[in-house]
Protein chains: 2
Amino acid sequence: MDNPLIVRFRRQCHLDAADVDRIDYLCTDVRDVPRGVNLVREGERVERIHLILSGWAARYKLLPNGSRQITALLLPGDLCDLRCSMLARMDDGIVALTPIHVAFVPPDAITRLERTWPSIAHALSWYCLVEQATTRAWIVNMGRRHALERVAHLFCELSTRLAVVSDAPDQPPHFPLTQEEIADALGLTAVHVNRVLHELRRREFITSRRGGLTILDLPGLKEMAGFNDNYLHPAMAMPTEAALG
Amino acid sequence: MDNPLIVRFRRQCHLDAADVDRIDYLCTDVRDVPRGVNLVREGERVERIHLILSGWAARYKLLPNGSRQITALLLPGDLCDLRCSMLARMDDGIVALTPIHVAFVPPDAITRLERTWPSIAHALSWYCLVEQATTRAWIVNMGRRHALERVAHLFCELSTRLAVVSDAPDQPPHFPLTQEEIADALGLTAVHVNRVLHELRRREFITSRRGGLTILDLPGLKEMAGFNDNYLHPAMAMPTEAALG
DNA sequence: CGTAGGTTTGAGTCGGGTCAAGAAATGTGG
DNA sequence: CCACATTTCTTGACCCGACTCAAACCTACG
């Protein structure tokens with residue numbers, strides 16, 4: 001299977017065959033992590049960057065009162081903690097939501113590539129930009145949308161991101177998320193997510209089974225959420241000569 | 001007055017006198033922008049990075065229904081759109097919340113510094129890391145805290161950030177924010193923010209006047225919000241030799 | 001002054017939270 | 001292959017925090 005990080009990069013940035021090899025070479029140390037295991041725990045010192053190759057993970061933060069907020073859902077091709085080597089301790093944890101394949105990448109290796117190859121530095125800058133834009137889109141979602149549109153918006157985002165790295169692009173998007181995970185990602189309760197999903201099922205926007213759901217009507221969800229995929233920058237945009245030096 | 005970006009960098013990263021000069025040299029084109037003016041409007045193509053030298057600004061997004069969500073408050077020393085040159089069009093707007101001084105910096109100049117001087121590249125990586133962590137802290141705040149603690153948490157964050165770049169560190173922190181701006185930053189309504197501020201005033205945590213408020217009891221607010229300043233990384237952390245290459 | 005932007009307050013509503021109990025899958029060990 | 005435990009989902013009744021709408025009130029400023 002193709003390296004999903006490279007698939008994503010090539011959508012946005014010019015990488016030649018040698019660049020691709022250099023990135024591929026980072027993914028030597030690949031491991032299987034079962035569902036529910038923490039790749040990183042809050043407060044730990046971690047000296048490796050994680051690249052999700054398959055499966056889903058979540059970045060989360062626990063509050064003193066025991067509640068959890070998921071701050072990012074991590075799909076294949078997502079890098080976790082690109083700059084972790086600058087931190088004495090991680091600010092938050094990362095859990096596997098499904099069994100996953102992860103590459104453990106030494107931060108120095110990335111720093112070296114970045115410093116040597118402008119095209120790779122450019123790709124990583126792009127990566128940071130999209131990551132930031134996604135995080136901000138979550139703020140907008142939580143701050144200014146009601147539960148129904150909020151859930152719909154998340155599903156649109158995930159469908160769009162998944163489409164880029166999916167091995168089965170013809171299948172309707174499927175999310176291996178429990179209702180509690182959706183709730184923790186959106187600042188809702190699991191009970192209320194249940195009622196929202198019930199409504200979405202009633203309107204035939206989705207189907208759901210224990211531990212996962214499938215999108216039936218993505219255009220419908222997009223309209224409901226007022227979804228605009230700009231912030232994910234799924235379209236092609238090549239670097240200028242100046243930016244590449 | 002000292003360049004607030006340099007003040008921030010020197011807290012976290014090693015920069016020698018030459019590095020400082022190089023950064024200072026970026027801030028040649030300084031402009032005054034009155035309150036209420038948009039530095040950037042959503043959908044525009046913008047070919048300059050903004051560095052706030054004094055005053056407050058906000059990054060925001062407007063929704064079709066007319067509501068606004070502020071996704072970041074920008075204080076002196078904050079860079080807006082570090083990677084803007086990679087974008088065909090900005091995903092969101094930036095307004096001056098007070099009269100501000102801004103340096104207009106050409107993206108190429110930063111790219112060149114970054115590529116040439118590892119210590120500056122390191123400082124900018126650090127900057128991105130803290131920016132991301134702050135954005136994620138906002139998600140947690142909006143997702144899992146009630147209005148009172150949510151407001152308190154924002155005030156703690158702003159006090160902490162301001163302390164680093166304040167010209168009057170002995171004065172109690174003062175925020176030139178309207179209640180509507182606070183509401184738009186926190187996913188609340190102005191009416192409800194008014195009631196929360198009333199309560200904070202009653203408990204003598206703050207005082208407020210038209211168009212601004214002052215913190216009286218920061219420790220009290222921190223306790224109320226369960227505030228932990230880790231994510232802002234206000235403490236010193238020097239780069240490793242490896243990271244600097 | 002007059003006006004516009006900002007603040008304050010009240011009354012009523014509603015979206016989503018809380019609590020609690022039960023049902024349906026899934027997994028585990030004998 | 002069955003008995004039992006666990007996780008996840010579902011549903012109902014009730015409640016409360018925050019929103020809405022509306023009116024009045026400041027206060028800075030032109």
Side-chain angles (χ1 to χ4, degrees), chain A residues 34-37 56 58 63 65-70 95-99 141-154 175-202 206-214 224, chain B residues 34-37 56 58 63 65-70 95-99 141-154 175-202 206-214 224:
Chain A
R35 185 199 142 133
V37 169
W56 290 42
L63 282 91
N65 66 22
S67 63
R68 176 176 76 161
Q69 177 65 44
I70 290 176
V95 230
L97 300 180
T98 68
N141 204 26
M142 298 177 65
R144 290 290 181 244
R145 270 192 277 262
H146 286 187
L148 193 66
E149 309 111 61
R150 202 185 293 183
V151 170
H153 195 276
L154 177 67
F175 310 150
L177 295 170
T178 66
Q179 298 182 359
E180 188 171 4
E181 285 156 2
I182 296 170
D184 286 349
L186 293 173
L188 299 168
T189 56
V191 172
H192 200 246
V193 166
N194 182 285
R195 294 195 238 265
V196 168
L197 293 186
H198 182 84
E199 176 67 11
L200 290 176
R201 241 180 285 129
R202 195 186 63 73
I206 64 168
T207 58
S208 72
R209 271 179 303 296
R210 183 193 178 73
L213 58 93
T214 304
M224 167 180 279
Chain B
R35 186 200 141 132
V37 168
W56 289 44
L63 281 91
N65 66 22
S67 63
R68 176 175 75 162
Q69 177 66 44
I70 290 177
V95 231
L97 300 181
T98 68
N141 204 27
M142 298 178 64
R144 288 292 181 243
R145 270 192 276 263
H146 286 186
L148 192 66
E149 310 110 61
R150 203 186 293 183
V151 171
H153 196 277
L154 177 67
F175 309 150
L177 295 171
T178 67
Q179 297 180 359
E180 190 171 2
E181 285 156 2
I182 296 170
D184 286 348
L186 294 173
L188 299 169
T189 56
V191 172
H192 200 244
V193 166
N194 182 286
R195 294 194 237 265
V196 168
L197 293 185
H198 183 84
E199 175 68 11
L200 290 177
R201 242 181 284 129
R202 196 186 63 72
I206 64 167
T207 59
S208 74
R209 271 179 303 298
R210 185 192 178 72
L213 59 93
T214 305
M224 168 181 277

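Just so we're on the same page: letters track the sequence lines, and every chain starts at 1.
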Check: OP1 or OP2 of dT8(C) sitting under 4.0 Å from any side-chain N/O of His198(B)?
Finding: no
Margin query: Taking only side-chain N and O atoms of Asn194(A), does any of them lie within less than 4.0 angstrom of OP1 or OP2 on dT10(D)?
Written below: yes
Note to self: Just verifying a value: how many Å separate Arg201(A) CZ and His198(A) NE2, rounded to the nearest 0.5 Å?
What the structure shows: 6.5 Å
Margin query: Quick check for you: to the nearest 0.5 Å, what is the distance between Glu181(A) atom CD and Leu97(A) atom CG?
Written below: 4.5 Å
Can you check nucleotides 18-23 of chain C for protein contacts, nitrogen or oxygen pairs under 3.5 Å, and list what you find?
{"from": "dT18(C)", "atom 1": "O4", "to": "Arg195(A)", "atom 2": "NH2", "distance (Å)": "3.1"}

Take atom [atom1] of [X] and atom [atom2] of [N], then tell me their distance rounded to the nearest Å.
X	N	atom1	atom2	answer
Leu97(A)	dT7(D)	CG	C1'	15 Å
Leu186(B)	dC19(D)	CG	P	10 Å
Leu197(A)	dT11(D)	CG	P	11 Å
Leu177(A)	dC9(D)	CG	C1'	15 Å
Ile182(A)	dT8(D)	CD1	P	12 Å
Glu199(B)	dA18(D)	CD	P	12 Å
Glu180(A)	dT6(D)	CD	P	17 Å

Note to self: Here's a test of your reading of the structure: between Gly187(B) and Arg209(A), which maps to the more 5' nucleotide of DNA chain D?
What the structure shows: Arg209(A)
Item checked: Sole candidate of Asn194(B), Asp184(B), Thr189(B) that passes side chain to side chain donor-acceptor pair (under 3.5 Å) when paired with Gln179(B) -> Asn194(B)
Item checked: Sidechain-backbone polar pair: Arg150(B) side chain, Leu186(B) backbone, donor-acceptor under 3.5 Å -> yes
Next item on the list: Using atom types as modelled and distance alone, determine if a side-chain donor or acceptor of Arg35(B) lies under 3.5 Å from a backbone N or O of Ala96(B).
Entry: no
Checklist line | Glu149(A) CD: over 12 foreign heavy atoms closer than 6.0 Å | finding: yes
Check: Of the non-hydrogen atoms in Gly36(A) and Val95(A), which two are nearest, and what is the gap between them?
Finding: O-CG1, 3.7 Å
Margin query: With nearest nucleotide decided by heavy atoms, which residue, Arg210(A) or Leu188(A), maps closer to the 5′ end of DNA chain C?
Written below: Leu188(A)
Margin query: Does Arg35(A) reach a base, just sugar-phosphate, or nothing at all? Heavy atoms under 4.0 Å.
Written below: sugar-phosphate
Note to self: Applying a 4.0 Å non-hydrogen cut-off, can you work out what Arg150(A) is touching in the nucleic acid: base, sugar-phosphate, or nothing?
What the structure shows: nothing
Next item on the list: Tell me which nucleotide among dT8(D), dC9(D), dT7(C) gets nearest to the side chain of Gln179(A).
Entry: dC9(D)
